[in-house]
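Below is one structure, written out as structure tokens, with a few remarks after it.
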Amino acid sequence: MCGIIGYIGYRKASEVIFKGLRKLEYRGYDSAGIATVSGKGISAIKDIGRIDDIHAKRNFLQLEGSMGIGHTRWATHGGVTQKNAHPHTDSTGKIYLVHNGVIENFESLRTSLSRKGHKFVSETDTEVIAHLVEEECKSAPDFGKALSNAVAKLTGSWSLVCMHQGEEAIYLSRNGPPLILGIGKGEMFCASDVPALLDYTKRVIYIEDGDLVRFTRDSYSITNGGKKAERKVHTVAWTAKMAEKEGFAHFMLKEIHEQGGKIREALAADVSGAVALLRGQQNIAVVACGTSYYTGLVFKQLLQSRLSVNCDVIIGSEFSYARTGKEKVVVAISQSGETADTLSAVRLAKKSGAKTIGITNVTGSSLWRESDACVNIAAGPEIAVVATKSFTSQVAVLTKIALSLPGSSDNLATLSEASEAIEQILARSGEIEALAEKLVTHNDFFFIGRSLSFPSALEGALKLKEITYLHAEAYAAGELKHGPLSLLQKDVVVVALAPSDSSLPKIISNMSECRARDALLVAFSDSDEAIGKSALSFRMPSVQPLAIPIVYAVPLQLLAYYMAVKMKKDPDKPRNLAKSVTVE
Ligand code: G6P
């Protein structure tokens, strides 16, 4: 949902910002822009398209100066046009800003500013903020006060990075979307996310909602509600190398390949805080979106079927309608820790007195800071827009939590075989690539699973639709006969997940029903019978039931990846999507 960045120091600002924007491009990639300040004043380059393409056409590095701001966009207000790209400026061309978020009252602000003579060149909510700051500058004693007066008039969500001609300082305001300050030696940075800064510093401050920040090349000050605010300086554990492709063709492929090792790290997570809050609870609510929602379904099944603890998994954006309001403990699962729908649910739950547990990959994220207890899934930076390793690491952590609760008789050691099984599958990637070659001409895909393989089926269908744009949906295998069977015919693909657990006989019957309707049956299974029934198959390693959700997700990630590559789609940056969804 847009990546923003700012820099002041001794380096060429356009270079730092350009490199940083490439690291933030997963947040949005329909247009981008940079503005820098030099002796000649403020100059900007912005255009539609991917950052590298804009650079090839317009050369960002011609922008001089050692202070600047940049933005990569995921359009909300106004189409994908050069004029709507950020940075935006005021009537004088002396104030420049970039914005992540949505200003809900921008229409009324725009109308009142227009009456005062302001002329707008874009359709964006962001441009309105630049003009509002310009207006406030007329009466405020300094730029900081003008900015704070302006943001006091905004409703909605924003992270703003703002600079103006005549002062060597950058100003920030946060209300919602993430923003961090990076502290270097003789240079300072700000960005939406840590990977943009890893080449320069690991010392960061997580800016909080309501914070107004002014920073120069060697100092910073933070106020909140007009009062000076102290914020802890964190040292991030991630390295710049972790956020590189490291020889893989795409981040998605690299992240798929990291999973064997990452599961081991996830299993070592400290879950004591979460377990302490969950112990003795008989009703647990889980809130999450996208892939994280599916890992919540695994957690639910473990809690309900193995521990007889009731668990309700609610999609973040539905929480306010579906909750009882009496939840005592809410588990929020979010790779980024910044998903707006999940965070709103957490805030609502807290207001009603619930304790919250955050399961996230980003220490220091909003979810991390706002939860009563946190677990770090330790998957390392996930850059591809679609989730892969965060799914398997979340499942590993959630399984560890479930198994640490009273009443559990399962042994976590059975999960360590998941890492080995993943390595075996990855070593046979060529077989999945060959399968992708055979499936790439088909248009409709149903993924079916039962019990612990059902969340993996959901995840497999999501991966395929996200990066190939083919129609793919998942069903609990027993549901096919209640509707979807009517869609089955020759050329429709049914991908069946058929591990040899107690659900096998039933899913084999469901597969027969699909075959009888001429669907192209593709089995992912360790059962001879299931494989024998199918036109195409991938023999899975045999694993204990607890490892099924993790192990069965991996070949489906690879299948989606290879199909996308064969279809010449970019698996790292699917159209219309963004990794961190910071608007509701
Ligand atoms: C976006 C991403 C998905 C992700 C979802 C939830 O839609 O594209 O990959 O699963 O957000 O993200 P979270 O960071 O909360 O897990």
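Only a predicted model underlies this, so the values are computations on that prediction, with no experimental measurement involved. Both counts, for ligands and for their atoms, begin at 1 and track the order of listing. This chain uses plain numbering: 1 for the first residue, then up along the sequence. All heavy atoms count here, side chains included; hydrogens, waters and symmetry mates do not.
- Applying the ring pair (Phe, Tyr, Trp, His ring centres under 6.0 Å) test to every pair with at least one member in residues 545-584, sequence neighbours left out, gives these pairs: His250-Tyr561.
- The main-chain N or O of Ala196 is never found under 3.5 Å from a side-chain atom of Lys23 such that the two would form a donor-acceptor pair.
- The protein residues lying under 4.0 angstrom from ligand 1, judged by non-hydrogen atoms, are Cys289, Gly290, Thr291, Ser292, Ser334, Gln335, Ser336, Thr339, Val385, Ala387, Ala578, Lys579, Val581.
- In this structure, Asn175 contributes its side chain and Gly156 its backbone to a donor-acceptor pair below 3.5 Å.
- Between Arg323 and Glu318 there is no side-chain heavy-atom pair separated by less than 4.5 Å.
- Side-chain polar atoms of Gln259 and Gln557 form a donor-acceptor pair below 3.5 angstrom.
- Between the side chain of Asn310 and the main chain of Ile284, no donor-acceptor pair closer than 3.5 Å is present.
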